Amino acid sequence: MPLFDSHVHTELCNHAQGPMACFLARTRGLSGLCFLDHLTLRPEDARLSMSPEEAPLYYAATRRLSRANAGGPEVLVGLEIDYAPDLAAPAKEVAMRFDFDLLAMSVHFVDEINLVSRRATRDLSTPREELAHRYLDLVLSALSDPYFQVLGHMDCAKKFFGPIFAGMEPRFREIFTALADLGIACEINTSGFDHPVSEPYPSPALFTLMKKAGVDITLGSDAHKPCEVGRHFDKTAALLRDAGYKEFVTFSRRKRKRHPLP
């Protein structure tokens, strides 16, 4: 069974390059992909996300591509929702207007600190251990309304801030137990291999904890250009097998499908 890329962006996020059909053309033997564009309601970050008004266009365009590709690699459509406690309700309202295949929740900000931007490291006054704990607090807060199916790029706060989660295994166990109890999968985001951390999100050191907790996994390249679709999947699959994983999941119309990990 080929692997499936459950996290691919489109030009509508305003920081990806290439038409949707070009991303599909680079599936590289994958069984398919799920477009997972950003939904960010923070006014100051609107330029890095489609607007709520563009969501119908995004949904229609991806569904049209799916129909046109019948018989080829599967094309699914979802949203990567940027979690912010004060914007959680309106974000949910936008997400639930459409029959998306997959809704993923990701934490990108701690207060006004953009964790996935290199600029955030320049004038950081918050101690990094405190930043790590506040990030994990937000992840747990997001789980209080589990209408989504996947938690996106867990531990991404390490992208530019380094190994800030050292010694925090008890907190990760708490989160993994909650994910398993809620039936929410954890994304293995392979983009980290191309970032300073040189490893996926979450860290392979956490894979065994996830497996013991009974957390399902999806695979996502977080592709922002066609050549990134399916990146680093082979070596990530090997790391997952070493941790005891034998399958991964995908979501179609928000229903879970299980697949053997090749």
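What you see is a predicted model, and the numbers here were worked out from it, not measured in a lab. Note that the numbering runs from 1 along the sequence shown for the chain.
- Of the inter-residue distances, the one linking Asp216 atom CG with Ile184 atom CD1 reads 11.5 Å to the nearest 0.5 angstrom.
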Run the side-chain donor-acceptor check on residues 17-28: report pairs under 3.5 Å with partners two or more places apart or on a different chain.
{"unit_1": "Thr27", "atom_1": "OG1", "unit_2": "Leu24", "atom_2": "O", "d": "3.2"}
{"unit_1": "Arg28", "atom_1": "NH2", "unit_2": "Cys227", "atom_2": "O", "d": "2.7"}

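- Side-chain heavy atoms closer than 4.5 Å link hydrophobic residues (I, L, V, M, F, W, Y) into clusters, and following such links, even through other members, never connects Leu151 to Leu102.
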| query | Step by step, would you call Leu219 with Leu240 a side-chain contact (heavy atoms from CB on, under 4.5 Å)? | reply | CA-CA 11 Å; Leu219 288 167; Leu240 288 165; 3.9 Å; yes

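- Using a 4.5 Å heavy-atom cutoff, the side chains of Phe4 and Glu74 are in contact.
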| query | Please walk me through it: do Met105 and Tyr147 pass side-chain contact (heavy atoms from CB on, under 4.5 Å)? | reply | CA-CA 9 Å; Met105 186 68 69; Tyr147 67 91; 3.5 Å; yes

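- Note on Val107 and Val150: separate hydrophobic clusters, where clusters join Ile, Leu, Val, Met, Phe, Trp and Tyr whose side-chain heavy atoms are under 4.5 Å apart, directly or indirectly.
- The environment of Asp145 atom CG is dense: over 12 non-hydrogen atoms of other residues, nucleotides or ligands sit within 6.0 angstrom.
- In this structure a side-chain-to-backbone donor-acceptor pair under 3.5 Å is missing from Ser6 to Cys34.
- Looking at Val215 and Tyr245, their side chains come closer than 4.5 Å, going by heavy atoms from C-beta outward.
- In this structure, CD on Glu130 lies 11.5 Å from CD1 on Ile164, to the nearest 0.5 angstrom.
- Side-chain atoms of Arg171 and Leu140, non-hydrogen and from C-beta on, do get closer than 4.5 Å to each other.
- Hydrophobic clustering, with ILVMFWY side chains joined whenever heavy atoms are under 4.5 angstrom apart, groups Phe193 together with Phe248.
- For the pair Asp101 (side chain) and Phe251 (backbone), a donor-acceptor distance under 3.5 Å is absent.
- When all heavy atoms are compared, the tightest approach of Arg254 to Ala95 is NH2-O, 3.7 Å.
- A heavy-atom distance below 4.5 Å is not found between the side chains of Lys246 and Leu261.
- Interatomic distance, CG of Leu39 versus CG of Asp37, reported as 9.5 Å (0.5 Å rounding).
- At least one donor-acceptor pair under 3.5 Å links the side chain of Thr177 to the backbone N or O of Arg173.
- Note: the hydrophobic cluster containing Leu76 does not contain Val249 (ILVMFWY, side chain heavy atoms under 4.5 Å, direct or indirect links).
- At distances below 3.5 Å, at least one donor-acceptor pair connects side-chain atoms of Arg256 with backbone N or O atoms of Gly183.
- Residues Leu206 and Ile175 are members of one and the same hydrophobic cluster, defined by side-chain heavy-atom contacts under 4.5 angstrom among Ile, Leu, Val, Met, Phe, Trp and Tyr.
- Using a distance-only test at 3.5 Å, with no hydrogens or angles considered, no donor-acceptor pair links the side chain of Glu187 to the main chain of Thr218.
- In the model, Ser106 has a side-chain atom that pairs as donor or acceptor with a side-chain atom of Glu80 under 3.5 Å.
- For Phe35 and Tyr58, the gap between ring centers reaches or exceeds 6.0 Å.
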| task | Show your reasoning for whether side-chain contact (heavy atoms from CB on, under 4.5 Å) applies to Met154 and Met210. | result | CA-CA 11 Å; Met154 178 67 170; Met210 292 168 50; over 6 Å; no

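- Put simply, CD1 on Ile81 and CZ on Phe100 are 8.5 Å apart, with the number rounded to the nearest 0.5 Å.
- A salt bridge between Asp99 and Arg63 is absent, with no side-chain N of the basic residue lying under 4.0 Å from a carboxylate O of the acidic one.
- For the pair Val197 and Lys158, the tightest heavy-atom approach, listed with the atom from each and the gap, is CG1-O, 2.9 Å.
- Heavy atoms only, all atoms of each residue included: Glu199 and Pro204 are closest at OE1-CD, 3.8 Å.
- Between the side chain of Asn189 and the backbone N or O of Tyr201 there is no donor-acceptor pair closer than 3.5 Å.
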| His232 vs Asp194, side-chain contact (heavy atoms from CB on, under 4.5 Å): CA-CA, chis, key distance, verdict | CA-CA 9 Å; His232 309 300; Asp194 293 329; 2.9 Å; yes

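- Leu30 is listed as a side-chain neighbour of Phe233, based on a closest heavy-atom distance under 4.5 Å.
- Using a distance-only test at 3.5 Å, with no hydrogens or angles considered, a donor-acceptor pair links the side chain of Thr10 to the main chain of Leu12.
- Within the model, atoms CG of Leu179 and CD of Glu174 stand 11.0 Å from one another, a figure rounded to the nearest 0.5 Å.
- Nearest heavy atoms, Leu143 versus Leu182: O-CD1, 3.7 Å.
- Residue Leu3 comes nearest to Ala237 through the heavy atom pair CD1-CB, 4.3 Å, listed as atom of the first residue, atom of the second, then distance.
- For the pair Glu129 and Pro127, the minimum side-chain heavy-atom distance is 4.5 Å or more.
- The salt bridge (Lys or Arg N to Asp or Glu O under 4.0 Å) search around Asp181 returns none, not counting sequence neighbours.
- Two residues are said to be in side-chain contact when any heavy atoms from C-beta on lie closer than 4.5 Å; Ser191 and Glu228 fail this criterion.
- His9 and His224 have tilted rings, their planes meeting at an angle from 30° to 60° on a 0 to 90° scale.
- Between the CG atom in Leu57 and the OG1 atom in Thr62 there is a gap of 9.0 Å [rounded to 0.5 Å].
- Side-chain contact between Thr208 and Lys212 is present, with at least one heavy-atom pair separated by less than 4.5 Å.
- The two residues Ala104 and Leu36 come nearest to each other via the heavy atoms CB-CD2, 3.8 Å.
- A donor-acceptor pair is defined here as one N or O able to donate and one able to accept, closer than 3.5 Å; no such pair exists between the side chain of Asp5 and the backbone of Val229.
- Of the possible donor and acceptor atoms, one in the side chain of Ser66 sits under 3.5 Å from a partner among the backbone N and O of Val75.
- Looking only at distances, a side-chain donor or acceptor of Tyr135 sits under 3.5 Å from a matching main-chain atom of Asp155.
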